[in-house]
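As the structure is a computational prediction, the values presented were derived from the model and not from experiment. We name chains A, B, ... by the order of the sequence lines, and we start the count at 1 in each one.
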Amino acid sequence: MTASALLHHLQELNIQLSAAGERLTIDAPRDVLTAPLRQQIVEQKQGLLELLSPPAEKEAYPQQPQETPAASVEACSQCGAEIYAYSDDGLNIFCKRHRYMQSHTQCQASPSLTRVTQARFFLQDLVELFNEISDRPEPRTLDLETTGLDAHRDKIVTIALGSPGRVSVLDMRPYYSLNAEWQAHWKRALGEVLGQKDFLWIGHNLKFDWIFLATHFGIHLQRVYDTMLGEQLILGTGLHDAGTPVNLQATAARYRIPVSKEQRLWFPNLDQRSKEWSAPLPVEQLAYIVQDIEVPYQIFQQQQAKIKAQSLDHVIQLENQALPAIAEMELRGVLIDTERWRSILQQKYDRQLELERDITATLEGALRDSRQKAYEKDMDTYKRYQNGLREEERLLMQAYQASTKQKTWPAFRQEGVNRWVESHPPIRKPALPKAKINLSSSAQLQAALSALGIRIHSTQEAALEPFAGNYPIVGQILQWKKLQKFRSAFGENILAMIGPDGRLRTDYGQIGAVSGRIICRNPNLQQMPAREKNEGENIRTCFIAPPGYRILKADLSNIELRILAEVSGDATMLRLFAEGKDLHAETAKLMFGLPENADTKKQVYKGQVSMRDVAKTINFGLAYGMGAQGLANRIGVSADAAKELMGTYFATYSGVSRWLRSSARQAMKQGYAVTLAGRRRPFPTNIADPSIRGSFERSAKNHPIQGTNADIIKRALTLLYETLPEKVHTILTVHDEIVMECPEPLVEAASRLLKDAMIQACRDYLKIVHIPEPDVLVGTYWQKD
DNA sequence: GTACTGAGCCAC
DNA sequence: AAACGTGGCTCAGTAC
């Protein structure tokens, strides 16, 4: 066996070799390192040392560890053609053709399989792949198999790429037992192939593969086409649309592409099954890998016609360009100050316990009293029943005495009692009153409050609020609920998700909402409390910058209303934005006929809320299709008053009114609503039920507004990804907000880039409405305005 | 025991 | 009162 074949053999056995000068260190379990093996290592020591020492830097590619073939063997052992490479055991040499045939016939997996790269052919094959791709730069599919879902913890088993009929599988398992130098060579070679600038990689849910490649090899796929995103745009679905799943199987099925049974279960934790980890890839797995290359490719091809038909070209491009930006953000995570987080939790918890003592004492007291009364009443009826039963037994006894006594008394008695019970349903003995309450149970809370004379249909904040004035306990309950929510949803469960590097990572769903919004979960960082009154307990202060860095934050000011002004073309709203006015205040002035210098925060409407707040409520509510009743509930006036307010509002913004009505009508007629980037959401067209129809109409009105916001933020993330200097990264996005992390000396430049990206992104879609330059907040933590 | 649903509440 | 759009998470309660 040659030195390089030996080295590879050792690697496959998980035996670690390292070279230091003239010393060769072997790290292996005793039972694996057999005597013959040890003998071979000693014989090949010199060759191994050479292979393990770092190769010279000037070489474009290092020579694969291999020695000159023995003089007697110079041709392919199959056909005698020019030597190409050694077989994996180093004992045979093959020409190019037979080397691949060798793999192919060995695995018998698929006629499409043109290459199964083994460790010692890795660099040669990569050079060849590079040439192939450069020669024929048409799109190819890419797909990884991994031992798990966590890019930081799990390993890449295979990297497959190609197109139908030509699939290459790179077996990456040996990579993890290479020394650092050889790992660097593999990375570099992989980067040359996968990181090619203008080459398009197709895949299903490529964010996953992107993150693994970036984490393990520092490779950033440049241009991608994600068939999952494509499918979502074609169908107009979010991520968790139960009716229309967009996983590979379901998607393939929609295009009538046959997919054989899933083999996915084989790969998870493969690295913990050492025998399988070091054995050749089984035929079934290879076939499965090939399928995962060919199927997405076919989906890609079939999607093109639908994209054309629905004019989705632009939004497809928008999403595919945004994918790397979002993947990188997910990979990066955000640094957390856990100590501070815990101290905030403690403060809140202390207060919660104190409140809980008071609340439970009062409520359980009330419950005990009322239940005691109910118990006494129940006990009374129970006793009366028992007395009735005894009286019946007495009568039965009399009847028995008078009878011929053909049955025994117990039998006679039982029959009589059974008869009686039929007309007197049994009453169970009431349980002793217990007065324990779980404040988290809305049913129990409702019952306890009822015992205090507080009758409510629900325990939600809005229902309890009106009683807070007369009943101090209600105020306490409201406080307790806030604290409880905080502790359960934003406490240790989130801290437990922080990585060993102190950073918290979330899973982004690029098209998470049907509107096109990005969502995130595990944890959902888009719902971190933002309205904490006490800055000392603001949880966002725990999202911090590393030493020497700053956090930058900016949002798109009033973006949904600006979009509304744009799409509706409403002259008044456009003018107000152009003048840079406080839109809510100006709306109030127009609606209530106030003079220019009026203070709309001081002017009160019907003794309830300020006029500015009324205007603000309508301004926001209308983007959601709010009705008069909703407005009435929100600002606490009669339905008639609310109706009148809305009338005034829509008279003021007649263009908005017209647009809302016409876009609902159009969506119901043509079957979809669309954003400014061309993102569609489908709607059923023949809905008779007015309430169901109304619900769809509200969604249809909202879609262009919320969805265009999503278009813009994704464009901004893309522009930032393309322009930010190294070490500056976006780390969070929350619908209209972008948060970045930046070395202190680069703050000025990064702020500029952030502003420019946001303005440019708006400009790409909003051509008429005024866009102000965003304010960038700079600090050591995630600030809110 | 696990799986699901509804109430409630956090974000924009 | 479902009737104000898009989401996720937790808990209680129930069904299997």
Asks: For atom CG of A/Asn686, is the number of surrounding heavy atoms from other residues, nucleotides or ligands below 6.0 Å larger than 12?
Replies: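 Atom CG in A/Asn686 is not packed in, count stays at 12 or less.
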Asks: Near A/Lys601 NZ, under 6.0 Å, is it more than 12 heavy atoms from other residues, nucleotides or ligands?
Replies: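 Check fails, neighbour count at 12 or below.
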Asks: Any side-chain N or O of A/Gln444 below 4.0 angstrom from OP1/OP2 of C/dG13?
Replies: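 Checking A/Gln444 against C/dG13: at least one side-chain N or O falls below 4.0 Å of OP1 or OP2.
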Asks: Expressed as a whole number of Å, how far does the C1' atom of B/dT5 sit from that of C/dA2?
Replies: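 These two C1' atoms come out 16 Å apart once rounded.
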Asks: Can the ring centroids of A/Phe592 and A/Tyr605 be said to lie less than 6.0 angstrom from one another?
Replies: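 Yes; A/Tyr605 has its ring centre under 6.0 Å from that of A/Phe592.
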Asks: Please tabulate the protein-to-nucleotide N/O contacts below 3.5 Å involving nucleotides 3-6 of chain C, giving atom names and distances.
Replies:
residue, atom, partner, partner atom, Å
C/dC4, OP2, A/Gly627, N, 3.4
C/dC4, N4, A/Arg634, NE, 2.7
C/dC4, N4, A/Arg634, NH1, 2.8
C/dC4, N4, A/Arg634, NH2, 2.1
C/dG5, OP1, A/Arg698, NE, 2.7
C/dG5, OP1, A/Arg698, NH2, 3.2
C/dG5, O3', A/Ser699, OG, 3.4
C/dG5, N2, A/Arg517, NH1, 3.2
C/dG5, N2, A/Arg517, NH2, 3.2
C/dG5, N2, A/Gln706, NE2, 3.4
C/dG5, N3, A/Gln706, NE2, 3.4
C/dT6, OP1, A/Arg681, NH1, 3.2
C/dT6, OP1, A/Arg681, NH2, 3.4
C/dT6, OP1, A/Ser699, OG, 3.3
C/dT6, O4', A/Gln706, OE1, 3.0
C/dT6, O4', A/Gln706, NE2, 3.1
C/dT6, O2, A/Arg517, NH1, 3.1

Asks: With sugar-phosphate meaning primed atoms plus P, OP1 and OP2, does A/Asn709 contact a base, only sugar-phosphate, or nothing at under 4.0 Å between heavy atoms?
Replies: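 The answer is nothing, as A/Asn709 stays clear of every strand by at least 4.0 Å.
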Asks: Tell me whether the OP1 or OP2 atom of B/dA11 has a side-chain N or O from A/Asn524 closer than 4.0 Å.
Replies: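 Result: no.
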Asks: Under 4.0 Å: is that the gap between some side-chain N or O of A/Ser440 and OP1 or OP2 of C/dT10?
Replies: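 No, no such contact exists.
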Asks: Classify A/Arg540 by what it touches in the nucleic acid, base, sugar-phosphate, or nothing, heavy-atom distance under 4.0 Å.
Replies: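 Sugar-phosphate contact only - A/Arg540 comes under 4.0 Å of backbone atoms but never of a base.
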Asks: To the nearest 0.5 Å, how far apart are CG in A/Asp226 and NZ in A/Lys207?
Replies: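 With rounding to 0.5 Å, CG (A/Asp226) is 10.0 Å from NZ (A/Lys207).
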Asks: Would you please indicate yes or no on a ring centroid separation below 6.0 angstrom for A/Trp659 and A/Tyr653?
Replies: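 No, too far apart.
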Asks: State which residue, out of A/Glu535, A/Gln783, A/Arg340, fulfils the side-chain hydrogen bond (donor to acceptor under 3.5 Å, both in side chains) condition with A/Thr541.
Replies: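 Single side-chain hydrogen bond (donor to acceptor under 3.5 Å, both in side chains) partner of A/Thr541 among A/Glu535, A/Gln783, A/Arg340: A/Arg340.
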Asks: Could you tell me whether the phosphate oxygens of C/dC11, OP1 or OP2, come under 4.0 Å of any side-chain nitrogen or oxygen in A/Lys485?
Replies: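 So the side chain of A/Lys485 is outside the cut-off, no N or O lying under 4.0 Å from OP1 or OP2 of C/dC11.
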Asks: State yes or no: are the ring centers of A/Tyr721 and A/His729 separated by less than 6.0 Å?
Replies: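 No.
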Asks: Given atom CG of A/Leu439 and atom P of B/dC9, what is their separation to the nearest angstrom?
Replies: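 Rounded to the whole Å, the gap is 13 Å.
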Asks: Rounded to whole angstrom units, what separation is found between the NE2 atom of A/His457 and the C1' atom of C/dA2?
Replies: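 Checked: the NE2 to C1' distance equals 11 Å.
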Asks: Assign A/Lys481 to base, sugar-phosphate, or nothing according to its heavy-atom contacts below 4.0 angstrom with the strands shown.
Replies: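 Since only primed, P, OP1 and OP2 atoms lie under 4.0 Å of A/Lys481, the category is sugar-phosphate.
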Asks: Listing time: all N or O pairs from protein to nucleotides 3-6 of chain B that are below 3.5 Å?
Replies:
none

Asks: Quote, to the nearest angstrom, the P distance that separates C/dA1 from B/dG8.
Replies: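 Going atom to atom, P in each nucleotide, I get 11 Å.
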Asks: Would you please confirm or rule out a distance under 4.0 Å between OP1 or OP2 of C/dG13 and any side-chain N or O of A/Ser441?
Replies: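 Checking A/Ser441 against C/dG13: at least one side-chain N or O falls below 4.0 Å of OP1 or OP2.
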Asks: In whole angstrom, what separates A/Leu464's CG from B/dA7's P?
Replies: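 So the CG-P distance, A/Leu464 to B/dA7, works out to 15 Å.
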Asks: Give the rounded distance in Å between these two atoms: CD1 of A/Ile713 and P of B/dC12.
Replies: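 Going from CD1 in A/Ile713 over to P in B/dC12 covers 13 Å.
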Asks: Please give, in whole Å, the distance from B/dC9 P to A/Arg531 CZ?
Replies: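 Whole-Å distance recorded here is 15 Å.
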Asks: By the definition side-chain contact (heavy atoms from CB on, under 4.5 Å), identify the one residue from A/Ile559, A/Thr708, A/Thr718, A/Thr733 that meets it with A/Ile713.
Replies: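 Answer to the side-chain contact (heavy atoms from CB on, under 4.5 Å) test with A/Ile713 among A/Ile559, A/Thr708, A/Thr718, A/Thr733: A/Thr733.
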Asks: Would you please confirm or rule out a distance under 4.0 Å between OP1 or OP2 of C/dC11 and any side-chain N or O of A/Ser442?
Replies: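 Answer no for this pair, as no side-chain N or O of A/Ser442 is under 4.0 Å from OP1 or OP2.
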Asks: Using a heavy-atom cut-off of under 4.0 Å over every strand shown, decide if A/Asp555 touches base, sugar-phosphate, or nothing.
Replies: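 Nothing: the residue A/Asp555, judged by heavy atoms under 4.0 Å, touches no strand.
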Asks: What residues, two or more places apart in sequence or in another chain, satisfy ring pair (Phe, Tyr, Trp, His ring centres under 6.0 Å) together with A/His240?
Replies: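 Not a single residue meets the ring pair (Phe, Tyr, Trp, His ring centres under 6.0 Å) criterion with A/His240.
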Asks: Should we count NZ of A/Lys755 as having more than 12 external heavy atoms under 6.0 Å?
Replies: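 Result for NZ/A/Lys755: enclosed.
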Asks: Given C/dC9, C/dG13, B/dC12, identify the nucleotide with an atom nearest to the side chain of A/Arg521.
Replies: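 It is C/dC9.
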Asks: Using a cut-off of 4.0 Å on non-hydrogen atoms, how would the nucleic acid contact of A/His703 be classed: base, sugar-phosphate, or nothing?
Replies: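 No contact at all - A/His703 keeps every heavy atom at 4.0 Å or more from the nucleic acid.
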